[in-house]
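Just below is one structure, and these are the notes that go with it.
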Amino acid sequence: MLKGGLESDTLKFLKEEDIRKIHNATMQVLAEVGVQIGEPEALKLCAAKGAKVDFGKQRAYFSEELVMKAVETAPSVVTIYGRDDDSKNIELGGNKVYLGTGGTALNIIDLDRVTRKTTAEDIANTARLVDGLDHVHFFVIPCHPSDVPAEALDVNRFYHSINNTTKPIMGGILNEDGVDRVLAMAAEIAGGMDKLAEKPFISFISSILSPLKLDDTRTRILFKVARAGIPIATSTAPLAGATSPITLAGTLVQMNAEALTGVVLTQMVNQGAPILYSAVPTIMDMQTMTFLFGSVESGIMNAAAAQLAQFYKLPIYSTGGISDSKQPDQQAGYEKALTAIMPALAGANFIHEAAGQLDSGMTISYAQYVIDNDIMGSVMRAVRGIEVDESTLATEVIARVGPGGNYLAQKLTVKKMRTEFFYPKAATRVNFDGWKKAGSKDTWTMAEEVARDILAKHQPQQIPQAIAEKIRKAEPGIK
């Protein structure tokens, strides 16, 4: 198994002078253009903390001094914990790399290849599947359950996730009171709110709208989470050519301004609150005027975003392993591999959307989780790179085998054969005759077999029964 947390700074699209130019342009935008904030209490807080505020325009302007003060007080490392399993903790910061799921999909391709609306059961099943996949390091709640009423969405999404994986969990909050209800549920499991804040196994997403705008409800959610001291990502998703400049550099400036706004606001609410520099940069296809998720430009911008986060010494929530394809096919394969490997080699910390997503984030697929697990394993093998030491240089072995020999029987081969190479689960690596003898299966079919096996056999560590009963009594809307 290739664990997360390996470090990489191999890929750099931005030179140091480029980063400084983007920073200076960002400071100009924040100080002169500002950010629209409709929530009155948030505007009052900004004014009290030294920002210039135009209450009539509902706009706050942040000076470089104010921004950089917030950057300094925000943690450089944020840890999201595994529930009752510290081996699954993810320590976000520097250039440590982790990959996981993402999205709020409305549809799913099930194991019978039928596309249908997602349900609460799909949340439970995808969590259980991810719990059994070695190279998926965290679980961002991936779908919207169509069979759950609006007032019970948040508790259902988090309950079924927590109950089916011990990997770190993140999710968006759809209702403002959902923050309090999910925190109460998680605190019950942790043994108290203080223990949850000390070792949070859940985290939240509250989006900032592009360009440069905060929705009132999302602002209040952001403030609640920051006060509780629970990690949060302020997902910023500028769409180059539509909601941000068409140039990649211009989109990075606006994205940087939006990401840093999230940092500033959390630190105003609660100095030291755990916040992820948040980046979901995308593009619009100017030929069809459609949103594109899996473009090579998205991969480039996410890699560049990692460099910006590293410049500010902030952990990053970034995006990769994404595709606009509608099914697990060739397009999905190359888009996912390209967009995952670029931010990973740049040292992005929390690469979400990297497992299970198709159709520009609108659809998930059980088989795709397995395929993406293989892609992510390959990506982490690339992040690991080449270890060069006396043992791996193997000069003694080369001398012992000599010209014309082979290395199959050498002790070094036996010692390293399981760790030096990556072995995917849903790939064909035999010759043509062997492939035909095995049933001529394609990757999609092999991935379905692996998914079925995991869902049939893997039993995650669930919430203790007494606590689960207490939670269900408090939240009767949980399915």
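All values derive from a computational prediction rather than experimental measurement. Sequential numbering from 1 along the given sequence is applied to the chain's residues.
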Testing Met255, His352, Met301 one by one against Val280 for a side chain to side chain contact (heavy atoms under 4.5 Å, CB included), which residue passes?
His352
Check Ile375 against Ala337 and note the closest heavy-atom contact, atom names and distance.
CG2-CA, 4.0 Å
Would a distance-only check, ignoring hydrogens and angles, find a side-chain to backbone donor-acceptor pair under 3.5 Å from Asp215 to Arg218?
yes
Taking atom types as modelled, is there a side-chain donor on Thr243 or Ser210 under 3.5 Å from an acceptor on the other?
no
If every non-hydrogen atom of Gly320 is compared with every non-hydrogen atom of Pro343, which pair is closest and at what distance?
CA-CG, 4.5 Å
CG (Asn164) and NE2 (His458) are apart, to the nearest 0.5 Å, by 9.0 Å
Ion pair Asp180/Lys224, N-O distance below 4.0 Å:
yes
Any donor and acceptor pair, going by atom type alone, linking the side chain of Ser278 with main-chain N or O of Thr234 inside 3.5 Å?
yes
Sidechain-backbone polar pair: Arg59 side chain, Val53 backbone, donor-acceptor under 3.5 Å
no
Is Lys69 salt-bridged to Glu72, cutoff N-O under 4.0 Å?
no
Donor + acceptor pair across side chains of Tyr317, Asn349 (<3.5 Å)
no
Identify the heavy atoms of Ala451 and Leu111 that sit nearest to each other, and give their distance.
CB-CD2, 4.0 Å
Take Lys213 and Glu258 through the test salt bridge (Lys or Arg N to Asp or Glu O under 4.0 Å) and record every step on the way to the result.
CA-CA 8 Å; Lys213 181 178 179 180; Glu258 292 164 348; over 6 Å; no
Does a donor on one side chain and an acceptor on the other come within less than 3.5 Å for Asp329 and Ser325?
yes
Near Lys49 NZ, under 6.0 Å, is it more than 12 heavy atoms from other residues, nucleotides or ligands?
no
Mark yes or no for whether Arg83, through its side chain, and Ile162, through its backbone, hold a donor-acceptor pair below 3.5 Å.
yes
What about Phe350 and Tyr277, are their ring centers closer than 6.0 Å?
no
At what distance, to the nearest 0.5 angstrom, does CG of Leu276 lie from CD1 of Ile232?
9.0 Å
If you take the centroid of each ring, where Trp contributes its six-membered ring, are His135 and Phe422 closer together than 6.0 Å?
yes
Any sub-3.5 Å donor-acceptor pair from Gln267's side-chain atoms to Gly272's backbone N or O?
yes
NE2 (His144) and CG (Asn156) are apart, to the nearest 0.5 Å, by 10.5 Å
Could you tell me whether the side chain of Arg128 and the main chain of Pro460 form a donor-acceptor pair under 3.5 Å?
no
Run the salt bridge (Lys or Arg N to Asp or Glu O under 4.0 Å) test on Asp84 and Lys199 for me, step by step, so that the C-alpha distance in whole Å, both residues' side-chain angles and the decisive distance to 0.1 Å come before the verdict.
CA-CA 10 Å; Asp84 301 323; Lys199 296 181 71 172; over 6 Å; no
Any chance the side chains of Thr290 and Thr288 put a donor and an acceptor closer than 3.5 Å?
yes
Please step through side chain to side chain contact (heavy atoms under 4.5 Å, CB included) for the pair Leu6 and Lys96, ending with a clear verdict.
CA-CA 5 Å; Leu6 303 179; Lys96 290 184 177 180; over 6 Å; no
With a 3.5 Å cut-off and no angle check, do the side chains of Ser360 and Asp324 form a donor-acceptor pair?
yes
Gap between atom NZ of Lys470 and atom CD of Gln465 - 0.5 Å precision:
15.0 Å
Ignoring hydrogens and geometry, is there a side-chain-to-backbone donor-acceptor pair from Ser295 to Leu292 under 3.5 Å?
no
Please check if the number of heavy atoms outside Glu176 that lie under 6.0 Å from its CD is greater than 12.
yes
Can you check side chain to side chain contact (heavy atoms under 4.5 Å, CB included) on Gln58 and Phe55, steps first, answer last?
CA-CA 5 Å; Gln58 297 184 327; Phe55 286 93; over 6 Å; no
Side-chain heavy-atom pair Pro145, Leu153 within 4.5 angstrom cut-off
yes
Go through the steps to decide whether Tyr366 and Leu129 satisfy the test side chain to side chain contact (heavy atoms under 4.5 Å, CB included), and finish with yes or no.
CA-CA 8 Å; Tyr366 285 117; Leu129 182 59; 4.1 Å; yes
To the closest 0.5 Å, what do you measure between CD (Gln271) and OG1 (Thr73)?
4.5 Å
Heavy-atom nearest pair, Tyr369 first then Ala355, reads CE2-O, 3.4 Å
Asp147 vs Lys479 side-chain heavy atoms within contact, under 4.5 Å
yes
Test Asp131 against Lys88 for salt bridge (Lys or Arg N to Asp or Glu O under 4.0 Å), laying out the working first.
CA-CA 10 Å; Asp131 197 70; Lys88 295 179 181 176; 3.6 Å; yes
Any donor-acceptor pair under 3.5 Å from Glu39 side chain to Glu41 backbone:
yes
Please check this pair: side chain of Tyr81 against backbone of Leu196, looking for a donor-acceptor N/O pair closer than 3.5 Å.
no
Test your reading of the model: is there a side-chain donor-acceptor pair from Thr251 to the backbone of Ser244, 3.5 Å cut-off?
no
Given side chain to side chain contact (heavy atoms under 4.5 Å, CB included), test Phe201 with Asn89 step by step and report yes or no.
CA-CA 8 Å; Phe201 56 85; Asn89 298 352; over 6 Å; no
Taking all non-hydrogen atoms of both residues into account, name the closest pair between His160 and Ala127 and its distance.
O-CB, 4.2 Å
Pair Arg181-Asp154, salt bridge (Lys or Arg N to Asp or Glu O under 4.0 Å): steps then yes or no:
CA-CA 8 Å; Arg181 293 162 68 186; Asp154 293 318; over 6 Å; no
Can Arg113 and Ser365 be counted as having a side-chain donor-acceptor contact under 3.5 angstrom?
no
Note, Met342 side chain near Val296 side chain (heavy atom, < 4.5 Å)
yes
Test Asp54 against Tyr61 for side chain to side chain donor-acceptor pair (under 3.5 Å), laying out the working first.
CA-CA 8 Å; Asp54 185 324; Tyr61 304 85; 5.0 Å; no
Tightest non-hydrogen contact, residues Ser8 and Val383, listed as CB-CG1, 3.8 Å
Please determine if Lys425 and Asp374 form a salt bridge, counting it only when a charged side-chain N lies under 4.0 Å from a carboxylate O.
no
Are the side chains of Met268 and Leu66 in contact, using a 4.5 Å heavy-atom criterion?
yes
Examine the side chains of Thr219 and Asp216 and answer whether a donor and an acceptor come within less than 3.5 Å of each other.
no
With rounding to the nearest 0.5 angstrom, report the CZ to CG distance, Phe311 to Asn256.
9.0 Å
Is it true that Lys117 and Asp122 make a salt bridge, defined as a side-chain N closer than 4.0 Å to a carboxylate O?
no
Might you work through the ring-ring contact (aromatic ring centres under 6.0 Å, His included) test for Phe158 and Phe204, ending with a clear yes or no?
CA-CA 10 Å; Phe158 274 87; Phe204 296 105; 5.4 Å; yes
Just checking, any donor-acceptor pair under 3.5 angstrom between side chains of Lys313 and Ser76?
no
